[in-house]
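The next block holds one structure in the form of structure tokens; read it before the comments.
Values reported hereafter were calculated over all heavy atoms of this structure, with side chains retained and with hydrogens, waters and symmetry mates removed.
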Amino acid sequence: MDRPTIVILGAGLGGAIAAYDLRHVLGERARIVMVSKGDVFHFTPSNPWVAVHWRKREAIEVNLPAVMKRKGVEFINVAATRVRPAENAIDLADGRALHYDYLVIATGPALAFDEIPGLGPDGHTVSVCHVDHAVKAADAFDELVKNPGPIIVGAVQGASCFGPAYEFAMILDTELRRRKLRDRVPMTFVTSEPYVGHLGLDGVGDTKGMLESEMRQRHIKWITNAKVKSVDAGMMHVEEVDETGAVRANHDLPFAYSMMLPAFRGVEAVRGIEGLTNPRGFILVDRHQRNPTWPDIFALGVCIAIPPTGPTPVPVGVPKTGFMIESMVTAISANLKQILDGKAPTNEASWNAICLADFGDGGVAFIAQPQIPPRNINWAASGRWVHTAKVAFEGYFLHKVRKGEAEPLYEKLALDLIGVHKLRRSTPSTPAQEPRA
């Protein structure tokens with residue numbers, strides 16, 4: 001019997017780890033094919049460091065074809081243009097059609113800079129969403145150093161990734177203080193969150209108090225419940241609303257340098273496919289990371305649809321953090337093994353989160369079990385140790401990618417020791433959740 005073909009769409013954090021884990025769990029029982037626009041893995045969490053010259057891009061990159069070949073994964077360095085679920089096929093940019101038995105979508109998001117006039121690297125603000133953006137942000141930072149002026153950092157309406165904005169604001173503060181320029185650079189944090197430290201998660205532990213205190217200490221002003229209306233060269237137009245959504249104030253904020261995280265949407269290859277995506281183009285999944293309409297399609301990471309944690313005056317999305325994404329990978333691999341064994345899938349990702357937010361000379365760490373409240377564990381702490389831990393994690397994760405390993409034994413043992421698991425462990429008192437579509 002021919003082996004089934006499992007196609008992984010996307011080679012980022014989730015896609016790369018999924019390829020390694022599927023090969024480890026399934027052995028040679030399946031043909032595994034990775035489709036990616038580009039053959040280099042970038043460790044996205046290090047982009048803020050690239051933007052202030054604390055890292056060169058080469059230090060956070062891994063060439064994937066050689067690793068994938070070693071792991072027995074076919075690598076196609078061609079962009080996908082359209083998924084055709086009814087035909088179990090993917091159209092590629094070179095004109096080919098790739099057929100699959102099972103599809104794992106791990107594309108990450110499309111960056112919706114175009115939804116706000118003047119936003120983004122093609123407009124008047126910089127970005128740390130991609131290493132290419134971070135390199136350009138570093139060039140812009142060099143110009144700021146030559147001609148110091150106001151900085152605006154934050155996240156616009158509809159954004160769902162807030163951690164890098166906080167990190168970058170603090171890293172900029174740290175670097176400017178080291179250069180003895182901080183006194184010449186007023187800073188404002190502009191965010192769609194209802195309060196500082198919300199993070200799209202209604203906070204974790206006392207992230208509100210911790211991050212407000214950190215900003216006061218660093219003389220960073222903030223505007224919450226903010227909608228960025230447009231950005232001109234050197235001027236950002238921001239509407240601040242109250243708890244009811246009524247306009248409280250309009251701000252015209254001058255800047256010499258600004259990094260604003262955009263809203264995300266699904267990539268064009270999947271956007272608008274009925275039954276597969278929501279109106280923003282994010283993949284609908286059930287509690288087994290499986291699409292309810294097309295059960296041979298699984299999805300993980302930033303590309304999946306997750307409802308907001310609750311209503312907010314300005315739209316705020318839910319982040320999909322690294323460990324949470326790895327838990328989705330583990331669930332998908334286990335479920336595909338069950339399917340190949342002729343069984344129904346039963347595994348659920350825990351959606352637990354372990355996060356390290358680096359501030360250059362300190363940081364905040366938190367554990368949320370699960371990431372979406374209410375939680376069994378809701379813990380946050382701060383200190384200089386977080387920066388050291390983030391540096392160590394960067395090296396460790398890049399080592400995993402270069403070695404082609406999803407979860408080394410010592411990682412699993414360490415996670416078991418602290419009680420953080422990738423799969424949900426149901427008990428008679430904790431029944432399985434309803435679908436997460």
Side-chain angles (χ1 to χ4, degrees), residues 5-20 22 31-44 47 57 60-69 71 73-115 120-122 127-136 161 262-274 276-278 280-284 291 294 296-305 320 325 328-329 332 401:
T5 295
I6 300 173
V7 174
I8 302 167
L9 193 56
L13 183 151
I17 296 300
Y20 303 154
L22 282 167
R31 173 192 177 213
I32 301 175
V33 182
M34 173 167 281
V35 175
S36 172
K37 180 183 178 181
D39 59 1
V40 177
F41 172 89
H42 306 101
F43 187 61
T44 303
N47 286 347
R57 66 176 297 160
I60 63 166
E61 293 181 334
V62 179
N63 187 269
L64 286 175
V67 185
M68 293 300 168
K69 182 177 181 180
K71 302 302 292 186
V73 176
E74 298 174 40
F75 192 91
I76 298 176
N77 182 15
V78 179
T81 57
R82 197 64 175 168
V83 174
R84 292 187 280 122
E87 291 84 28
N88 281 53
I90 304 168
D91 294 328
L92 303 181
D94 62 4
R96 283 182 289 169
L98 178 64
H99 291 267
Y100 62 83
D101 295 291
Y102 300 98
L103 174 62
V104 178
I105 301 177
T107 59
L111 306 173
F113 291 113
D114 59 292
E115 293 181 344
D122 294 330
S127 163
V128 293
C129 294
H130 190 279
V131 70
D132 292 344
H133 299 168
V135 170
K136 292 181 180 179
C161 184
F264 295 161
R265 60 184 172 225
V267 300
E268 190 174 349
V270 300
R271 210 179 305 153
I273 299 175
E274 186 175 355
L276 182 65
T277 66
N278 71 4
R280 288 289 292 180
F282 293 111
I283 309 298
L284 300 168
N291 180 255
W294 310 99
D296 46 12
I297 297 179
F298 294 79
L300 61 96
V302 182
C303 69
I304 74 166
K320 292 92 171 186
I325 293 171
M328 298 179 200
V329 168
I332 290 172
V401 175

From [atom1] ([X]) to [atom2] ([Y]), nearest 0.5 Å:
| X | Y | atom1 | atom2 | value |
| --- | --- | --- | --- | --- |
| Y20 | I8 | OH | CD1 | 10.0 Å |
| E274 | W294 | CD | CH2 | 9.0 Å |
| I304 | F282 | CD1 | CZ | 10.0 Å |
| N291 | I105 | CG | CD1 | 7.5 Å |
| F264 | L111 | CZ | CG | 6.0 Å |
| M68 | D39 | CE | CG | 11.0 Å |

- Side chains of D101 and N88: is there a donor and an acceptor less than 3.5 Å apart?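 No donor-acceptor contact under 3.5 Å links the two side chains.
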
Specify the closest pair of heavy atoms between [X] and [Y], including all atoms of both residues, with the distance to one decimal.
| X | Y | value |
| --- | --- | --- |
| V131 | E61 | CG1-OE2, 4.4 Å |
| M328 | G301 | SD-N, 3.2 Å |
| R271 | A110 | NH2-CB, 4.0 Å |
| V302 | K320 | O-NZ, 3.4 Å |
| P121 | S127 | CG-CB, 3.9 Å |
| C303 | G108 | CB-O, 3.6 Å |

Could you tell me which residues satisfy ring pair (Phe, Tyr, Trp, His ring centres under 6.0 Å) with F43, sequence neighbours excluded, listed by chain and number?
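Per chain and number, F43 pairs via ring pair (Phe, Tyr, Trp, His ring centres under 6.0 Å) with F397.
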
Report task. Check the pair R82 / I273 against side chain to side chain contact (heavy atoms under 4.5 Å, CB included), numbers first and verdict last. Result -> CA-CA 10 Å; R82 197 64 175 168; I273 299 175; 3.4 Å; yes

Would you indicate whether the side-chain heavy atoms of [Y] and [X] approach each other to under 4.5 Å?
| X | Y | value |
| --- | --- | --- |
| I76 | R96 | yes |
| F41 | V401 | yes |
| T44 | V128 | no |
| F75 | V67 | no |
| N47 | I60 | yes |

Between D91 (side chain) and T81 (backbone), is there a donor-acceptor pair under 3.5 Å?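 No: the side chain of D91 does not pair with the backbone of T81.
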
Quick check against the 3.5 Å criterion: does N63 have a side-chain atom that pairs as donor or acceptor with the backbone of V40?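 Answer holds: no.
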
- Task: Quickly, which of L276, I297, I90 forms a side chain to side chain contact (heavy atoms under 4.5 Å, CB included) with V270? Name it, please.
- Result: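 With V270 as partner, side chain to side chain contact (heavy atoms under 4.5 Å, CB included) holds for just one option, L276.
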
Indicate yes or no: does [X] engage [Y] in a salt bridge with an N to O separation below 4.0 Å.
| X | Y | result |
| --- | --- | --- |
| K37 | E268 | no |
| D132 | R57 | yes |
| K136 | D122 | no |
| K69 | E74 | no |

Relative to the ring of H133, is the ring of F113 parallel (under 30°), tilted (30 to 60°) or perpendicular (over 60°)?
->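 Ring orientation of F113 relative to H133: perpendicular.
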
Open item on the list: According to side-chain contact (heavy atoms from CB on, under 4.5 Å), who are the partners of A66, at least two apart in sequence or on a separate chain?
Closed with: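 Result, side-chain contact (heavy atoms from CB on, under 4.5 Å) vs A66: none returned.
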
**Message:** Evaluate I6 against Y100 for side chain to side chain contact (heavy atoms under 4.5 Å, CB included), listing each step before the verdict.
**Reply:** CA-CA 6 Å; I6 300 173; Y100 62 83; over 6 Å; no

message = Could you walk me through whether L98 and V7 satisfy the side chain to side chain contact (heavy atoms under 4.5 Å, CB included) test, starting with their C-alpha distance in whole Å, then the side-chain angles of each, then the deciding distance to 0.1 Å, before giving a yes or no?
response = CA-CA 9 Å; L98 178 64; V7 174; 3.9 Å; yes

Q. Are L9 and L103 close enough, and set up right, to give a side chain to side chain contact (heavy atoms under 4.5 Å, CB included), and what steps lead you there?
A. CA-CA 7 Å; L9 193 56; L103 174 62; 4.2 Å; yes

